[in-house]
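If you read the sequence from its start, that first residue is 1, and numbering goes on from there. Atoms considered below: every heavy atom in the structure, side chains included; atoms not considered: hydrogens, waters and symmetry mates.
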Amino acid sequence: ADGSALVGFGKHRDLTYEQVLSVDPILCQWVVDTAENDQDTIPAFGALSTWLLQQGMVTAAWSDPQSSSSRSGFGEDRVSSYQEGTISFGKHRGTSYEEVLQGGS
């Protein structure tokens, strides 16, 4: 598939791959990570994940934050925040993922 293919699922079902990468890179990262860990996904989900990987997006198991930030479309601050386990956006900015999951903050 190329970037003009439609996502075909979820709230962005009517957007192209290129559009969803532009408007919701966090969702795109989640798609890549989920597809890597869950082989039982719908075909459209897997196709988007494959395209994102072809564009240079990497999974959350980053080994080099410098190179992954430039390839994934995330800024270095977001990558290091992700690796440190803190949220770098929204109302929970600066809070650990664990605290949010436990209902803190």
Next item on the list: Might you work through the side chain to side chain contact (heavy atoms under 4.5 Å, CB included) test for Gln19 and Asp24, ending with a clear yes or no?
Entry: CA-CA 8 Å; Gln19 289 170 323; Asp24 202 343; over 6 Å; no

Check: How about Leu21 and Met57: do any of their side-chain heavy atoms sit closer than 4.5 Å?
Finding: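 SC-SC contact between Leu21 and Met57 confirmed.
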
Notebook entry, point to check: So, for Ala44 and Tyr17, which heavy atoms are closest and what is the spacing to 0.1 Å?
Noted result: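 That closest heavy-atom pairing would be O-OH, 4.3 Å.
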
Check: For Thr41 and Asp38, which heavy atoms make the closest approach, and how far apart are they?
Finding: CG2-O, 3.2 Å

Item checked: Separation of Gln29 CD from Leu52 CG (nearest 0.5 Å) -> 8.5 Å

Check: What distance separates Cys28 SG from Asp33 CG, expressed to the nearest 0.5 Å?
Finding: 11.0 Å

Notebook entry, point to check: When you measure from the side chain of Ser49 to the backbone N and O of Phe45, does any donor-acceptor pair fall under 3.5 Å?
Noted result: no

Check: Is the backbone of Trp30 close enough, under 3.5 Å, to the side chain of Thr34 for a donor and an acceptor to pair up by distance?
Finding: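 A pair under 3.5 Å: yes.
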
Check: Please walk me through it: do Leu6 and Leu15 pass side chain to side chain contact (heavy atoms under 4.5 Å, CB included)?
Finding: CA-CA 6 Å; Leu6 292 179; Leu15 296 181; 6.0 Å; no

Margin query: Under the side chain to side chain contact (heavy atoms under 4.5 Å, CB included) test against Val31, which residue among Val20, Val7, Leu48 passes?
Written below: Leu48

Notebook entry, point to check: Going through the distances and angles, do Glu18 and Trp51 end up as a side chain to side chain contact (heavy atoms under 4.5 Å, CB included)?
Noted result: CA-CA 10 Å; Glu18 289 174 349; Trp51 183 83; 3.9 Å; yes

